[in-house]
Amino acid sequence: MRPTPSATTFLNVDLEIRSAHRLEGLVRALAPGAFALHEAPHFACLELSSWPTCVEAALTEFVGLIQALPEPARAAWDGCTQRRFDIGIQAGMGPSSSVFPVPEVVIRQLATVGAELAFTVYAPGATAR
């Protein structure tokens, strides 16, 4: 059993994409900057190959990868039915509150690539996926 973390911390950002079309070309185009944690024909969950230390850095890096996609891969991205950045937070025993800001400029960047934002908070003692 993993010990309960003492402080609430940012874990990582997962990119979850769904499409009516196959996604392997898009997943390959995002490499080597990102890799698939899970990949099925019409769903993929990716993480950055780097290990960002804050929400802003992770989201900015992902947006940069998407903006740099070649045209066929960008068309596949635009055709996705879901483009979600899921911010993982591990809850700890303290402090009583924690803030993980997403600056306005980053929110605008997410809008330019048509992505939504979600938060997954793991309870103390729970194992992040």
Side-chain angles (χ1 to χ4, degrees):
M1 175 183 267
R2 228 167 72 167
T4 301
S6 59
T8 299
T9 57
F10 163 69
L11 294 173
N12 211 335
V13 174
D14 291 344
L15 170 58
E16 299 170 349
I17 50 177
R18 292 185 191 280
S19 178
H21 305 285
R22 298 183 67 84
L23 289 169
E24 60 268 335
L26 176 55
V27 171
R28 278 194 313 274
L30 289 165
F35 65 94
L37 293 171
H38 176 77
E39 185 177 355
H42 304 282
F43 172 80
C45 178
L46 298 100
E47 277 191 0
L48 292 168
S49 298
S50 65
W51 197 257
T53 58
C54 68
V55 174
E56 179 180 1
L59 292 172
T60 299
E61 189 171 339
F62 259 129
V63 168
L65 291 174
I66 294 157
Q67 290 173 333
L69 287 171
E71 182 52 42
R74 182 55 193 255
W77 169 265
D78 291 339
C80 287
T81 57
Q82 178 186 45
R83 296 175 297 272
R84 174 183 295 156
F85 292 105
D86 187 351
I87 299 168
I89 303 294
Q90 176 64 63
M93 299 310 293
S96 60
S97 66
S98 297
V99 176
F100 300 92
V102 181
E104 177 188 351
V105 65
V106 176
I107 292 170
R108 281 190 263 125
Q109 290 173 345
L110 296 177
T112 67
V113 296
E116 67 181 32
L117 203 52
F119 294 83
T120 298
V121 180
Y122 299 95
T127 302
R129 54 181 161 120

Main-chain N/O of [Y] paired with [X] side-chain donor or acceptor, under 3.5 Å:
X: R83; Y: G114; value: yes
X: T8; Y: G92; value: yes
X: S19; Y: T81; value: no

Residues in side chain to side chain donor-acceptor pair (under 3.5 Å) contact with [X], at least two apart in sequence or another chain:
X: R22; answer: E24
X: E39; answer: none
X: E56; answer: none

message: Show, in sequence, the C-alpha distance, side-chain angles and deciding distance for Q90 and V121, and conclude whether the side chain to side chain contact (heavy atoms under 4.5 Å, CB included) test is met.
response: CA-CA 6 Å; Q90 176 64 63; V121 180; over 6 Å; no
Practice prompt. Please lay out, stage by stage, how I89 and Y122 fare under the test side chain to side chain contact (heavy atoms under 4.5 Å, CB included).
Written response: CA-CA 6 Å; I89 303 294; Y122 299 95; over 6 Å; no
In short, salt bridge (charged side-chain N to carboxylate O under 4.0 Å, His left out) pairs touching residues 110-120 with sequence neighbours left out are R84-E116
Quick note, salt bridge (charged side-chain N to carboxylate O under 4.0 Å, His left out) partners involving residues 92-112, not counting sequence neighbours, are E104-R108
For a 4.5 angstrom cut-off between non-hydrogen side-chain atoms, does [X] reach [Y]?
X: F10; Y: T53; answer: no
X: R74; Y: I66; answer: yes
X: I87; Y: T120; answer: no
X: L30; Y: L15; answer: yes

Contacts of Q67 meeting side chain to side chain contact (heavy atoms under 4.5 Å, CB included) (sequence neighbours excluded), chain-then-number -> V63, T112, V113
With sequence neighbours left out, the residues meeting side chain to side chain contact (heavy atoms under 4.5 Å, CB included) with S50 are L48, P52, E61
Under the side chain to side chain contact (heavy atoms under 4.5 Å, CB included) criterion, do F35 and L46 qualify, and how do the steps go?
CA-CA 5 Å; F35 65 94; L46 298 100; over 6 Å; no
Review point. Linking I/L/V/M/F/W/Y whenever any side-chain heavy atoms sit under 4.5 Å apart, do L37 and V27 land together?
Key: no
task = Please check if L11 and V55 belong to a single hydrophobic cluster, counting links between Ile, Leu, Val, Met, Phe, Trp and Tyr side chain heavy atoms closer than 4.5 Å.
result = no
TODO: For side chain to side chain contact (heavy atoms under 4.5 Å, CB included), just list the numbers for L59 and Q109, CA-CA rounded to whole Å, side-chain angles, deciding distance to a tenth of an Å, and then say yes or no.
DONE: CA-CA 9 Å; L59 292 172; Q109 290 173 345; over 6 Å; no
- Which pairs count as ring pair (Phe, Tyr, Trp, His ring centres under 6.0 Å) when at least one residue sits in residues 36-55, sequence neighbours excluded?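 Sorted result for residues 36-55: H38-F43.
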Residues pairing under ring pair (Phe, Tyr, Trp, His ring centres under 6.0 Å) where one sits in residues 82-101, two or more places apart or in two chains, turn out to be F62-F85
Smallest heavy-atom separation, V13 atom then E47 atom, equals O-CG, 4.0 Å
| field | Closest approach of A29 to L69 (non-hydrogen atoms, all atoms of both residues) | value |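 Shortest heavy-atom contact: CB-CD2, 3.7 Å.
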CG (L26) and SG (C80) are apart, to the nearest 0.5 Å, by 5.5 Å
